Amino acid sequence: MSDAAQPTAAEVRAAAEAVKAALDRHLDAVERRSGEDDPAVYAAFNELAATAEAYDELLYDAYDEVTPFEIPADESLPAYAGPEEPSALSVLIRRDYAVVEPQRLLAQAQRVADLDPDLDPDTGVQGSGGGAGSSVHAALGVLFGEYEPDEIASRHKEFGLEEGDSTLWVAAADDLAEPGEWLSAPFDQADPQRVVCRFDVSAVFDEEMDLDDGADDSDDGDDTDDGDDVGAGADDGDDPDSGPVVRSVRR
């Protein structure tokens, strides 16, 4: 425990009582739920998580003790609040890469520029492409201007890149935006409550898979993928266990 002012016994007791009350409200909301995405259940869950976490912190600060409860990170989407029959949609994608082989990246960019010497290394369009292989910044401009993002995702190793996490959100919209309307700030209007479905890719899911597979290894001795993981191993034809696992969240 630190030398900072410690919570009083009364404060810890009050936090415990708050957890008890939140438990009752959560159970009541569950018993009265109106459907799978009942906002009352969602709100009661968040309240219970917050009060339990506050109690755990006070208990530790006051008595150097912890609770046996693990408060999970909230990775779920909030209750859907978009139109029931969307007439338009937005697809939001983020993919992270690490530049692990800069020389390979530079060589690939220079190869593209050699085939089209007028390519602008900063934009990937017609211009002056003489410096495509001179810097990572210029090489990235050439490659992402030449290839579609999906092709780079499937061939990232060829370009000296290593995949990080990625996510794709399919969000409902009331109407299609006017041309050029959101280009100055394309991600400002990302609203989790309008997400119809999302697909997350992360190596962290591999760890979850390893734990689950430990109980299944003795089933039939077959090492082939059973197809349960959407998109796993589909990037570049490699061993399906060598790439991140896709986890989907659907409404």
Side-chain angles (χ1 to χ4, degrees), residues 36-37 39 42 46 72-100 105 108 123-124 139-213 225-251:
E36 183 177 349
D37 294 323
Y42 180 78
N46 285 339
D74 184 14
E75 297 178 353
S76 63
L77 291 169
Y80 179 70
E84 288 300 320
E85 298 184 7
S87 58
L89 58 89
S90 292
V91 178
L92 309 171
I93 301 175
R94 171 174 172 170
R95 294 185 177 122
D96 285 358
Y97 297 97
V99 180
V100 293
L105 176 71
Q108 289 281 19
T123 65
L140 289 172
V142 168
L143 291 176
F144 277 85
E146 177 70 12
Y147 299 105
E148 294 290 334
D150 287 344
E151 185 169 3
I152 289 179
S154 66
R155 299 174 57 187
H156 61 277
K157 293 179 181 178
E158 295 179 35
F159 304 133
L161 304 176
E162 181 180 279
E163 286 182 308
D165 288 355
S166 70
T167 189
L168 181 152
W169 292 16
V170 179
D174 295 315
D175 298 294
L176 192 64
E178 294 294 327
E181 181 179 344
W182 49 255
L183 291 179
S184 61
F187 304 111
D188 279 2
Q189 297 180 359
D191 184 354
Q193 289 190 299
R194 283 181 167 253
V195 173
V196 177
C197 59
R198 61 181 278 185
F199 300 89
D200 299 325
V201 181
S202 176
V204 73
F205 302 147
D206 292 338
E207 300 173 6
E208 300 173 4
M209 288 283 296
D210 290 341
L211 292 175
D212 293 339
D213 290 346
D225 185 12
D226 60 8
D228 288 341
D229 300 306
V230 181
D235 281 348
D236 52 14
D238 292 338
D239 181 349
D241 292 331
S242 67
V245 173
V246 176
R247 182 170 66 179
S248 61
V249 180
R250 287 191 175 91
R251 294 292 176 186

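These numbers were taken from a predicted model, which means no experiment stands behind them.
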Query raised in the report: Which heavy atom in Ala153 sits nearest to a heavy atom in Glu163, and how many Å separate them?
Result: O-OE2, 4.0 Å
Query raised in the report: When rounded to the nearest 0.5 angstrom, what is the spacing between CD in Glu181 and CG in Leu176?
Result: 9.0 Å
Query raised in the report: How long is the gap from CD on Glu146 to CD on Gln108, to the nearest 0.5 Å?
Result: 11.0 Å
Query raised in the report: What's the spacing between Phe187 CZ and Trp169 CH2 if we round to 0.5 Å?
Result: 11.5 Å
Query raised in the report: To the nearest 0.5 Å, how far apart are OG in Ser166 and OH in Tyr97?
Result: 7.5 Å
Query raised in the report: Is there a side-chain contact between Val196 and Leu89, using heavy atoms and a 4.5 Å cut-off?
Result: no
Report task. Can you see which heavy atom on Ala88 is nearest to which on Asp175, and at what distance? Result -> CB-C, 3.6 Å
Query raised in the report: Where do Arg95 and Asp150 land on the side chain to side chain contact (heavy atoms under 4.5 Å, CB included) test, with the steps shown first?
Result: CA-CA 10 Å; Arg95 294 185 177 122; Asp150 287 344; 2.7 Å; yes
Query raised in the report: Can you tell me how far CD of Glu36 sits from OH of Tyr80, rounded to the nearest 0.5 angstrom?
Result: 14.5 Å
Report summary line: Closest non-hydrogen contact found for Arg194 with Ala173 is NH1-CA, 3.7 Å
Query raised in the report: What is the distance from atom CG of Asp165 to atom CG of Asp200, rounded to the nearest 0.5 Å?
Result: 8.5 Å
Report task. Please name the pair of heavy atoms, one in Leu161 and one in Val100, separated by the smallest distance, quoted to 0.1 Å. Result -> C-CG2, 4.0 Å
